[in-house]
Amino acid sequence: MAKEILKVDGISKEFSGVRVLNKARLDIQQGEIFGIIGENGAGKSTLIKIISGIYKPTEGRILFEGNEVVKFTPQNARDMGISIIPQEFNLVDDLNIFENIFLGEEFSKKILLDKKRMIKRTDDLLSELHTTINPKDMIQNLSVAEKQMVEIAKALAFESKLLIMDEPTTVLTGEEIKVLFNIMRKLKESGVTIIYISHKLREVKEICDRVMILRDGEQIDVSSVEDLSEHDMATMMVGRELSQLFPDKLEAQNESVLEVENLTVPGVIEDVSFDLRKGEILGFAGLVGAGRTETAEALIGIRKKSRGRIKLNGKEVKIKNPIDSIEKGIAYLSEDRQGAGIITSFDMIKNITLSSLDKYSSGLINHKKERKQTEYYVDKFNINAASLKTELEFFSGGNQQKVSLAKSLDTDPEIFIVDEPTRGIDINAKREIFYFLNELASKGISCIFISSELEEIIGMCNRVVVMREGKLTGILENEEINEKEIMLHATGLKGVA
Amino acid sequence: MKLSKRLKGFSADKWGPLLALLVLFVISSFASPYFLKTRNLLNILRQVSYTGIIGLGMTFVIITGGIDLSVGSMTAWAGGISILVLNALGGGPWAIFVTILAAIGVGMASGAFNGIIITKGRVAPFIVTVGTMAIFRSLTLYISGAGEFRSQSNLFPEIGMGDFLGIPYPVWVFIGLAVLFWMILNHTKYGRYLCAIGSNEKVAKYSAINVDKIRFWAYSIVGMVVGVTSVLLAARLNSISSSGAGQSYELDAIAAVIIGGTSMSGGSGTIIGTVIGAIILGIVNNMLNMLGVSPYLQGTVKGLVIIAAVLIQRKKK
């Protein structure tokens, strides 16, 4: 009989009177991988934030290795052996990798820092994770996936008894996820307990021993994963039968709205050429670092191109910055929601109209009009918010993403570039976003759909551009759009760059 | 104890400075019988107007996450030049009108200089404005031979000393500008963009906001209000001392903004807070004078008030 490491006994949490978690109960055994699933706002993050000492519960108690936790601070949780890989990165941009990993816990030799040892340890951790990044690389130069790997390395650097992973795979590709799972299994063998939070039910099914399902702060079920199918889990999460995830594909029209020729950003992308048709959803697939986001950023003028032409409706245009881009009708939804998409200290109204404020202002801002438009989006996207005036930092990931989407759309784009639009959001919100993009396409709006989820690319796109190491390796159509073809092009086994 | 518990129920950010002002007001009216005299109250308001006006512009700069340390020197510089203009034009009503425009123009150009270096040169605002703080003061000293700029106009001081409906002109200007700045901050695109840049510059850039332009104007606007203050000050004294004018105005302006609850890290702030912050500082000074505290100790008290204000705000978070 395994030892019980964590007992959560009737934990509830209220924020200004609103109960977000109601009497959760858990018994986690040592060496178990325990999944927690639920939609955005179901209370998953709240629960793990209590376990890791960030929040104090409103009622209930927590026992760790049989002792009741009385002090809820991150430091105390860490001292007990609980570490967390947070969903949003917690890294200092201006420091390099090893400095981040050992921040606050530096190795030292007498009074000097023992850099050699820290670098060595970091290097070991990173190679264990099969990444090619160097311990001395600066965080700000890393891609999102690489940052995620650093977060994982950081959590592994300290021997912890309980490791909490909050959506660790949202930015990782299939290969990287495999590596991560192998590490998780190794940790499990050595007796480490893992709490694993994910939206990806397949992963939960694959890696977890038991799973807890939360919905609207209520604990719906705790079962062994063997007893549940993915469909069961999804149904319990949503509370009703799920309908089809992807809408039926529409035919794109023949005319090209956007033609890109030889787009080049030195050292990042090279000679990328493609066209986008009216009402088309054009997928961009590739491994992390293939240059998809960079292509989008070059299109909207964030990155300086050294070469290449961009034609809109047959006419060549110059786009030097996002101001030009929006004026020309190209909107971009960034993959980095909190870093480049929304302002978390602003409320919904101010966020949604931020890029389109001209529409609401003739000298003075028409607050009533802003409010009306925001209400329209709340209704249209089914945004769940306490009030229009609530700051976005209090929103769940899915609701933040919907606001971000509304913000881009409010500029009335003809071409809409969405970069990982479903990252870190639950299946219901995903479905809503898919149907919505399809609706845009039916209105003749063209969409560039960048995603690392092959399933999404295959389910949504009319054609698929595949990139590898900054170069375009193929444009797939019709029955070519399948997992195998895409991966062959993405890994360079097919398609000459 | 009970009071502090009750205060928690309020939105502390919003009401904190106002409550502090009320408490200070009540204490002061008991501490000195002269405090509540209309003359004294008007005097306080007039005194806080000079740095308060600068504080309005400073609020914008601090909301963007920046700072302007050059405003004190700039006051002497713009004031000095404006008196040269006034004397050159003979000191009549028309000359005074041109002088006012000149002061605002010089201030704006000086602020624009700060803004250009900060945005195009990508130099930290702190560094740039420490530099121009030295430059403006030195130029002022050089032009005047380290002496005074003296106005030869008889009409000019009448404006500086004058009042309308019993309230001194500088106070009217302060009130008028405060309303204008409040409008800009809360009801225009520019104000919204200021907050966006201060909250998250990258999001602002991706959201098609011309970050450099908004920043540049924040510093230019501070320059303009410095120009306004400089001409009010010049008119009040009918002269500008090249070494003494505007001395430590940057401290008072920044202090008013901070006491008013605007965050030094940028992103949000209020104009009403800055106005209240300026008045709090004015009352503190006034009380210290009336209670006969050594003027040398007044800096200590002012410093403590600033630190206390920040500590209280920190606690709330």
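Throughout, a chain's letter reflects where its sequence line sits, starting with A, and its residues are numbered from 1.
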A/Q338 versus chain B, the contacting section by heavy-atom distance below 4.5 Å: backbone

Quick check on the structure: residues of residues 185-202 of chain B within a heavy-atom distance below 4.5 Å of chain A, by number. B/N186, B/H187, B/T188, B/K189, B/R192, B/Y193, B/C195, B/A196, B/S199, B/N200, B/K202

Between A/I365, A/T353, A/I300, which residue shows the highest count of heavy-atom pairs closer than 4.5 Å to chain B? A/I365

Find the one option among A/S356, A/A340, A/S355 whose heavy-atom pairs under 4.5 Å with chain B are most numerous. A/A340

Give a yes or no on this: more than 12 heavy atoms of other residues, nucleotides or ligands lie within 6.0 Å of atom CD of A/E391. yes

Counting only heavy atoms closer than 4.5 Å, note whether A/I343 contacts chain B via side chain, backbone, both or neither. both

Distance check, rounded to the nearest 0.5 Å: B/S268 atom OG versus A/F346 atom CZ? 9.0 Å

Tell me, yes or no, whether the heavy-atom count around B/F113 atom CZ, taken from other residues, nucleotides or ligands under 6.0 Å, exceeds 12. no

Quick one: which of A/N351, A/T411, A/I342 has the most heavy-atom pairs under 4.5 Å with chain B, could you say? A/I342

What are the residues of residues 114-126 of chain B, in order of number, with any heavy atom under 4.5 angstrom from a heavy atom of chain A? none

Near A/R371 CZ, under 6.0 Å, is it more than 12 heavy atoms from other residues, nucleotides or ligands? no

Would you call B/Y206 and A/K407 a side-chain contact if the rule is heavy atoms closer than 4.5 Å? no

Between A/G339 and B/V203, which heavy-atom pair has the shortest distance, and what is it? O-CG2, 3.4 Å

